[in-house]
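Note sheet for the following structure.
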Amino acid sequence: MRLTVWRFLDGNRAHEKQSAALLAGLRECVGEVTCCEIREPGSLAALRPAFADSLRRLPRPDLLFGAGRRSHWPVLLAKRWFGGISVAINRPTLPIRCFDYAIAPEHDRPAALENVILSRGALTEPLPRGDMQPGAGLLLLGGPSKHFRWDAQLVERQVAELLSAPVDWLVSDSRRTPAGALERVSASGARVQGWRHCPPDWLPRQLARAEQVWVTGDSISMVFEALQSEARVGVLQLPSRHRVNKVRSAMQRLVDQELVTDRVADARRPWSRQREALNQYYHCARALLRRCGWLDGGVVDPRI
């Protein structure tokens, strides 16, 4: 089987990682996938004839997809002009019925429509296997968000308890991390790596080698990336901004299912149970192919 995919890119690294994950899943499921990467021009520019003209030289698409609101109109217009099946990754800002399918995280609570494929968190690409290093730990700091307040004292207490465990820690921050937070961690003697100095493949390599990964509770997308590894995954708690908090609820479900721990003391316990990766990139790709009628009937895949 051969598929031609038009993948729309909006310049947002997080969005492009999710569409790359879906592409990886499709390539694992079918024999050959040709991918045409299209830099989306923006919603208004997509209406201009020059955008349509730039697409005419491409092979006709079977699937068109992108993540992020800036990709929505380009995907829909390209489908109207050239055909194919349109897919929105994440809950779209436009009505879901505008797309043939939407792949949306459960915690975004999309409408229970026939064209919605639910994923457990954001789609993430597969990680290298067999690279886990015993005793290696990765600690990822987020920052204040619309769902959580950043309580510096609370975070520092939890981080100090983690760093006291007999683990070879590597600590990194993010764009949202308050100024000075990583410097205070560095002063404790832990190894640190600022996000500005991380090459594109740094995080997947570190996730693959870590025996345990801890993430501040604001970063649910990072938690799901960590769950693509075989490491113990832990969450540092933060105070919620609101009584109703869909991200906090999603985190609690992971804790209840024992996929994630919120007990910092667990960092001292040996990690003897290797957890299977979630592989949502693969499950959602296969679900999409099944709904499109592109899977050969009756073949049972053990990963499904």
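Just so you know, these numbers use all the heavy atoms, side chains as well, and skip hydrogens, waters and symmetry mates.
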[Y] backbone acceptor or donor facing [X] side chain under 3.5 Å:
X	Y	value
Q133	A210	no
N115	I96	yes
R248	R243	yes
R241	F148	yes
Q158	L154	yes
Q212	V233	no
T261	G234	no
Y101	E114	no
R175	G143	no
S19	G66	no

So do [Y] and [X] actually touch side chain to side chain, heavy atoms under 4.5 Å?
X	Y	result
R57	L55	no
V5	P61	no
L162	L236	yes
L64	I85	no
V116	I103	no
D262	Q237	yes
H283	S119	no
Q206	C198	no

If you look at every heavy atom in [X] and [Y], which pair is closest and at what distance?
X	Y	value
S174	G142	OG-CA, 3.6 Å
V213	A231	CG2-CB, 4.0 Å
P128	A208	O-CB, 3.6 Å
M222	L203	SD-CD2, 3.4 Å
R109	S249	NH2-OG, 4.5 Å
L238	V155	CD2-CG2, 3.4 Å

- On the 0 to 90° scale, with breaks at 30° and 60°, tag the H107-F224 ring pair as parallel, tilted or perpendicular.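 H107 and F224: parallel rings.
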
Give a yes or no on this: more than 12 heavy atoms of other residues, nucleotides or ligands lie within 6.0 Å of atom [atom1] of [X].
X	atom1	value
R80	CZ	no
R184	CZ	yes
R129	CZ	yes
Q153	CD	no

State plainly whether one hydrophobic cluster holds both [X] and [Y], where clusters connect Ile, Leu, Val, Met, Phe, Trp and Tyr through side-chain heavy atoms under 4.5 angstrom apart.
X	Y	answer
L77	L9	no
L123	L118	no
L23	I117	yes
V87	L113	no
V159	W195	no

- Message: Let's go through F8 and D10 carefully: what are the C-alpha distance in whole Å and the side-chain angles of both, what is the deciding distance for side-chain contact (heavy atoms from CB on, under 4.5 Å) to 0.1 Å, and is it a yes or a no?
- Response: CA-CA 7 Å; F8 289 78; D10 68 352; over 6 Å; no

- Item | R232 vs D266, salt bridge (Lys or Arg N to Asp or Glu O under 4.0 Å): CA-CA, chis, key distance, verdict | CA-CA 9 Å; R232 168 189 287 138; D266 285 346; 5.6 Å; no

Can a salt bridge be assigned to the pair [X] and [Y] using a cut-off of 4.0 Å between side-chain N and carboxylate O?
X	Y	result
R291	D100	no
D168	R191	yes
R253	D256	no
R286	E28	no
R209	E230	no

- Task: Report the C-alpha separation of Q257 and R120 in whole Å, then their side-chain angles, then the decisive distance to 0.1 Å, and conclude whether the side chain to side chain donor-acceptor pair (under 3.5 Å) test is met.
- Result: CA-CA 12 Å; Q257 294 165 3; R120 298 175 74 182; 2.8 Å; yes

- Message: I want to know whether W6 and F82 have ring centres closer than 6.0 Å.
- Response: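 Between W6 and F82, the centre distance is under 6.0 Å.
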
- Ring centre gap for H72 and F99 strictly below 6.0 Å: yes

- What distance separates L289 CG from L3 CG, expressed to the nearest 0.5 Å?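 So the CG of L289 and the CG of L3 are separated by 6.0 Å.
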
- Item | Audit row: T124, Q280, side-chain contact (heavy atoms from CB on, under 4.5 Å) steps and yes/no | CA-CA 7 Å; T124 61; Q280 290 298 287; over 6 Å; no

- Applying side-chain contact (heavy atoms from CB on, under 4.5 Å), run through V260 and L227 and close with a yes or a no. CA-CA 8 Å; V260 167; L227 286 171; 4.1 Å; yes

- Item | Audit row: N245, S240, side chain to side chain donor-acceptor pair (under 3.5 Å) steps and yes/no | CA-CA 7 Å; N245 185 330; S240 176; 2.9 Å; yes

- Message: Apply side-chain contact (heavy atoms from CB on, under 4.5 Å) to residues W150 and T216 and explain how you reach the verdict.
- Response: CA-CA 10 Å; W150 185 264; T216 51; 3.9 Å; yes

